[in-house]
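These notes are about the structure you will find just below.
Chain letters run A, B, ... following the sequence lines, proteins first and then strands; every chain starts at 1.
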Amino acid sequence: MVRLVSGMTVTERQIALVVLLALSLIGLAMAAGGRGDPMGAQGFVVLVFSVGLAFAVMAGYYAPEPDESRLTRYYDDPTKVGIVLTVIWAVVGMAVGVWVASLLAWPELTFVDQAWASFGRLRPVHTSGVIFGFGGNALIATSFHVLQRTSRARLPDQFTPWFVLIGYNLFCIVAASGYLMGITQSKEYAEPEWYADIWLVIVWVVYFLLYLRTLARRKEPHIYVANWYYMAFILVVAVLHIVNNLAVPVSWGHAKSYSLFSGVQDAMTEWWYGHNAVAFFLTSGFLGMMYYYLPKRAGRPIFSYRLSIISFWGITFFYMWAGSHHLHYTALPQWVQTLGMSFSIMLLVPSWASAGNALATLNGAWHKVRDDAVLRFMMVAAVFYGLSTFEGSFMAIRPVNSLSHYTDWTVGHVHAGALGWVAMITFGSLYALVPWMWKRETMYSPKLIEVHFWLALAGTIVYVFAMWNSGIIQGLMWRTYNDGGTLAYSFLDSVEAMHPYYIARAFGGLLFLSGAVVCASNVWLTIRAAQRERRGETGTDVPIVAGAMQAGE
Amino acid sequence: MEIAHDVVVAFSKSWGLFYLVGFSLCVVAYAYWPGNRKAFTRAKMSVLDTDDRPLGDRPLGPEA
Amino acid sequence: MPEFFHRKIERNAIGFVLAIVGVASIGGFVEIAPLFTIHQTVEDAPDMRLYTPLELAGRNIYIREGCYACHSQMIRTLRDEVERYGPYSLAVESKYDHPMLWGSKRTGPDLARIGDKYSDAWHVRHMINPRDVVPESIMPRYGWLARNELRVDDLGEHLAAQRDVGVPYTQAMVDNATRDAYGQATPDSDAAAGVSERYGAATQVRAFDGDPSRVTEMDALVAYLQILGRLTEAPYKQQSTAAGE
Ligand code: HEM
Ligand code: HEM
């Protein structure tokens with residue numbers, strides 16, 4: 001902690017304290033104004049969070065200031081902390097995933113008759129925990145790293161990146177603790193209530209400005225394509241977030257708010273948001289990750305830079321039209337559905353161009369893929385990206401969607417993308433990044449990476465196949481008719497038929513979670529070993545031979 | 001108000017299409033413009049650069 | 001000169017930003033904007049009634065407990081859905097739903113037409129332990145709903161906020177929200193009469209959880225479930241058995 005604070009100038013430490021003070025006052029105001037409402041408890045969460053951090057800053061307040069030589073190095077402390085947070089959220093989010101998967105298989109597992117422990121409140125903890133906690137932290141941490149390296153410029157100051165990272169995690173904690181208290185807007189992937197949403201807007205604007213300020217300092221005239229993807233992620237998520245969350249709070253002292261939109265308009269806005277959260281959070285940002293870490297790790301340039309540009313604009317343009325494929329055969333006007341379906345199919349082109357680009361980069365280096373589990377993570381990610389986008393475009397076709405919608409097929413598709421693509425590319429990038437950040441040759445244990453790889457792959461396959469099976473069976477049972485022209489199965493028949501698949505899914509998830517735990521241990525051991533070496537060899541806190549140690553293999 | 005509906009449908013069927021085609025042409029032209037080749041090749045290779053320091057006019061910057 | 005233009009916008013990060021926002025927002029704009037202006041998106045249903053304060057509170061409990069994660073409220077225009085659940089959902093039916101609860105997953109059945117399908121007592125037992133009434137069910141128990149007193153003191157503020165986003169609650173409805181919530185679940189009280197007066201004679205006024213002596217979260221939730229699909233008769237009148245595609 002002290003070491004982290006000592007990276008900031010004294011002025012920056014003062015700014016940090018002022019911001020934390022302001023935050024704790026807000027927390028206090030929420031706690032007082034929201035008495036008798038869940039808002040009050042949320043206020044305490046904010047209060048404890050900011051007071052705790054203020055103590056941490058104070059502890060390091062009198063540490064010596066960093067000298068000017070810091071400007072000859074990149075600023076990586078926030079990335080390091082971001083990596084640790086990513087891994088923590090991965091384990092927590094996926095553990096809750098396995099738990100809710102088990103609840104669907106064995107509903108009586110809930111050990112207490114308490115509201116916070118029920119499926120409906122835990123499920124968003126899983127989805128937000130993995131998407132925003134795990135995915136979001138991974139994106140922030142890697143974006144700081146990639147941005148500096150590709151611009152060949154240091155972040156403009158030492159306070160802003162902390163504000164973004166810590167502020168974002170405050171949002172995640174407020175969100176997750178809120179779900180347990182029953183605070184939710186019910187909008188999928190946009191569950192947090194109005195005050196958390198406002199806070200995220202502030203954090204996001206600072207994030208965006210940080211990006212621009214660093215880009216303005218860049219020494220390369222051309223902005224490397226990975227940054228385009230990260231920028232699209234930041235920008236479009238901001239637009240989506242603000243529009244979809246427009247709402248009127250019941251009062252300043254109430255956590256509850258009412259969406260500005262209703263009915264069809266709300267449905268279209270929500271799925272315009274929801275689908276593009278997939279596009280710009282789970283796709284665009286992670287493609288940015290891929291376009292940097294994959295060539296870097298493989299030691300080969302990206303197969304076609306041009307293709308990456310063309311797919312960038314393709315993805316940015318097409319995705320925005322596709323949201324209505326979530327609303328086929330509903331009360332949404334049909335022309336909107338058709339539009340969404342057409343653009344979803346066209347989306348396949350830039351999506352496959354990206355997946356193909358990644359795989360073609362590895363072409364000729366298959367021996368590296370065979371030997372290096374880190375590259376294999378990235379390769380499998382590209383394959384699953386291709387697979388889930390194909391599946392997605394297929395499911396967007398109206399008649400197919402009539403079968404798949406509302407069933408576990410959607411959940412299978414989601415996790416083919418989430419486990420196979422998002423998590424795999426993240427783990428691959430982390431394994432490449434961690435040794436660079438902690439100035440070591442390799443991870444603590446390359447063996448454990450190998451173990452993680454097979455656990456993750458097996459887990460994904462078991463999960464996805466279980467859900468494909470259950471989803472299609474479910475869809476077919478709902479629409480099967482007897483000879484007599486009546487429906488053949490009751491809804492409950494389909495519920496019973498799901499049971500074995502739900503067990504299989506929980507098992508697949510358990511494998512995947514074990515992999516994440518293995519990853520966490522490996523990261524932890526690597527950090528500890530790095531700290532030992534450093535202490536043993538130099539006794540001070542500077543990188544061993546700054547400059548001589550190089551990024552890359 | 002019903003006019004708005006017709007207008008938009010007509011718009012996306014005609015102008016939307018033109019816009020789409022024009023936009024794609026611009027992007028492809030940009031990507032394949034001969035003058036850009038050098039910049040792209042440079043960008044493509046730049047990530048493989050192993051020097052892990054900011055570039056530039058820093059007080060103690062050894063190389064630039 | 002697309003090439004020149006692009007090089008320029010890309011060198012200048014702000015221009016690049018504008019390009020991304022511009023390119024990305026067109027789709028959303030074309031698809032969503034007209035939904036706000038075309039009144040034919042939402043059919044007319046003159047008999048459409050508002051949620052009473054008790055039902056609204058129940059709806060908020062439905063949201064709070066995450067019921068929407070497993071139950072849809074949107075019957076599609078498909079033959080099997082119409083036969084299984086009832087007339088397909090019309091846009092007008094959710095016109096006062098801020099936000100809508102169409103859902104995206106059917107771990108449990110659709111609930112758009114659940115109102116009046118079961119008795120109050122069935123719902124209460126089902127919520128306390130679903131497996132008491134449906135042995136194969138995988139739904140969680142919600143025992144605390146029967147134990148928790150419903151918070152009614154702030155319902156006026158809720159109605160006022162709803163009015164701010166466009167639901168036509170009258171001033172009398174806002175002023176009497178707390179009293180009406182109490183009255184709807186307490187048929188023998190003086191407050192009961194006002195409910196039908198303000199929300200229509202067809203409003204269900206009874207002790208939904210079976211206990212008229214207190215107003216619980218169970219009262220609110222069951223009141224909400226019993227009104228689902230019953231806010232307007234339009235879908236039943238409009239559709240024979242003819243279903244889509
Ligand atoms: C250990 C691994 C995981 C397990 C066991 C797991 C399990 C589950 C379960 C049981 C559900 C609820 C499905 C339902 O309601 O029918 C779910 C939903 C979801 N999970 Fe996971 N999950 C895992 C990892 C992930 C990861 C890594 C991500 C994202 C990066 C993710 C994203 C989601 C999303 C977006 C949903 C909502 C799906 C929908 O609404 O259609 N999950 N998961
Ligand atoms: C070309 C690309 C893609 C297309 C056209 C597409 C299309 C679709 C379709 C048609 C659905 C089902 C909607 C429904 O019936 O409710 C869906 C759901 C979903 N997809 Fe994709 N998909 C694509 C890629 C991805 C990727 C890469 C991910 C990554 C993680 C992803 C995550 C999701 C999620 C989370 C949902 C569930 C939404 C819900 O809660 O209902 N999709 N997608």
query: Do the side chain of S262(A) and the main chain of Y96(C) share a donor and acceptor less than 3.5 angstrom apart?
result: no

field: Contact origin within F208(A) toward chain C - heavy atom pairs under 4.5 Å
entry: side chain

Closest-packed option against chain A by number of heavy-atom pairs under 4.5 Å, given T107(C), L159(C), D164(C): T107(C)

- request: Sort T330(A) into side chain, backbone, both or neither according to what part of it lies under 4.5 angstrom from a heavy atom of chain C.
  value: both

task: Below 4.5 Å from any heavy atom of chain A, which atoms of I61(C) appear? Answer side chain, backbone, both or neither.
output: neither

query: By a 4.5 Å heavy-atom criterion (distance strictly below it), what part of N227(A) contacts chain C: side chain, backbone, both, or neither?
result: neither

task: Could you have a look at A232(A), A238(A), A267(A) and say which one has the most heavy-atom pairs with chain C under 4.5 angstrom?
output: A267(A)

Proximal component of D37(A), with respect to chain C [non-hydrogen, under 4.5 Å]: both

- prompt: Among H499(A), K256(A), Q185(A), K187(A), who wins on heavy-atom pairs under 4.5 Å with chain C?
  reply: K256(A)

task: Determine yes or no for a side-chain-to-main-chain donor-acceptor pair under 3.5 angstrom, with R76(C) supplying the side chain and S402(A) the backbone.
output: yes

Contact leader toward chain A among M139(C), E157(C), E81(C), where contacts are heavy-atom pairs under 4.5 Å: E157(C)

query: Using a distance-only test with no angle check, is there a side-chain donor-acceptor pair under 3.5 angstrom linking E188(A) and Y68(C)?
result: no

Region of V167(C) in contact with chain A, defined by heavy-atom distances below 4.5 Å: neither

field: chain C interface, residue from M498(A), H254(A), R123(A) that has the most non-hydrogen pairs under 4.5 Å
entry: H254(A)

query: Which residues satisfy the side-chain contact (heavy atoms from CB on, under 4.5 Å) test with V414(A), sequence neighbours excluded?
result: T410(A)

- prompt: Are the side chain of R479(A) and the backbone of L78(C) linked by a donor-acceptor contact shorter than 3.5 Å?
  reply: no

- request: Side chain from CB out, backbone as N, CA, C, O: work out which of these in I128(C) comes under 4.5 Å of a heavy atom of chain A, or both, or neither.
  value: neither

message: Out of W478(A), Y273(A), Y319(A), return the one with the most heavy atom pairs under 4.5 angstrom to chain C.
response: W478(A)

query: Which bit of S490(A) is near chain C, if near means a heavy-atom gap under 4.5 Å: side chain, backbone, both or neither?
result: backbone

query: Side chain, backbone, both or neither: which part of D153(C) has a heavy atom under 4.5 Å from chain A?
result: neither

message: Below 4.5 Å, heavy-atom pairs only: which of G182(A), S186(A), G120(A), P107(A) has the largest tally toward chain C?
response: S186(A)

query: Where does Q114(A) contact chain C at under 4.5 Å (heavy atoms): side chain, backbone, both or neither?
result: backbone

task: Against chain C, label L122(A) side chain, backbone, both or neither, depending on which of its atoms sit under 4.5 Å from a heavy atom there.
output: neither

- request: Would you mind checking which part of V243(A) comes under 4.5 Å of any heavy atom in chain C, side chain (CB onward), backbone (N, CA, C, O), both or neither?
  value: neither

statement: Rounded to the nearest 0.5 Å, the NZ atom of K105(C) sits from the CH2 atom of W409(A) at a distance of 14.5 Å

- request: Evaluate the salt bridge (Lys or Arg N to Asp or Glu O under 4.0 Å) criterion for residues R106(C) and D408(A): first the C-alpha distance (whole Å), next the side-chain angles of each, then the deciding distance (0.1 Å), finally the verdict.
  value: CA-CA 8 Å; R106(C) 279 186 192 148; D408(A) 283 328; over 6 Å; no

query: Contact part of L492(A) toward chain C, heavy-atom cut-off under 4.5 Å: side chain, backbone, both or neither?
result: side chain

Under 4.5 Å from any heavy atom of chain A - which part of P109(C): both

- request: Below 4.5 Å from any heavy atom of chain C, which atoms of P249(A) appear? Answer side chain, backbone, both or neither.
  value: backbone

- request: Against chain C, label F318(A) side chain, backbone, both or neither, depending on which of its atoms sit under 4.5 Å from a heavy atom there.
  value: neither

statement: If one checks every heavy atom of E191(A) against chain C at 4.5 Å, the contacting part turns out to be side chain

- request: Look at F312(A), Y211(A), Y406(A) and state which one has the largest set of heavy-atom pairs under 4.5 Å with chain C.
  value: Y406(A)

message: At a heavy-atom distance under 4.5 Å, which candidate from P140(C), G103(C), P99(C) has the highest pair count against chain A?
response: P99(C)

query: In terms of heavy-atom proximity below 4.5 Å to chain C, should W106(A) be classed as side chain, backbone, both, or neither?
result: neither

- line: Bottom line for C70(C): the part with an atom under 4.5 Å from chain A's heavy atoms is side chain

- prompt: Using non-hydrogen atoms only, which part of N401(A) is less than 4.5 Å away from chain C: side chain, backbone, both, or neither?
  reply: both

- request: State whether Y258(A) and R163(C) meet the cation-pi test: NZ (Lys) or CZ (Arg) under 6.0 Å from the six-membered ring centroid, and within 45° of the perpendicular axis.
  value: no

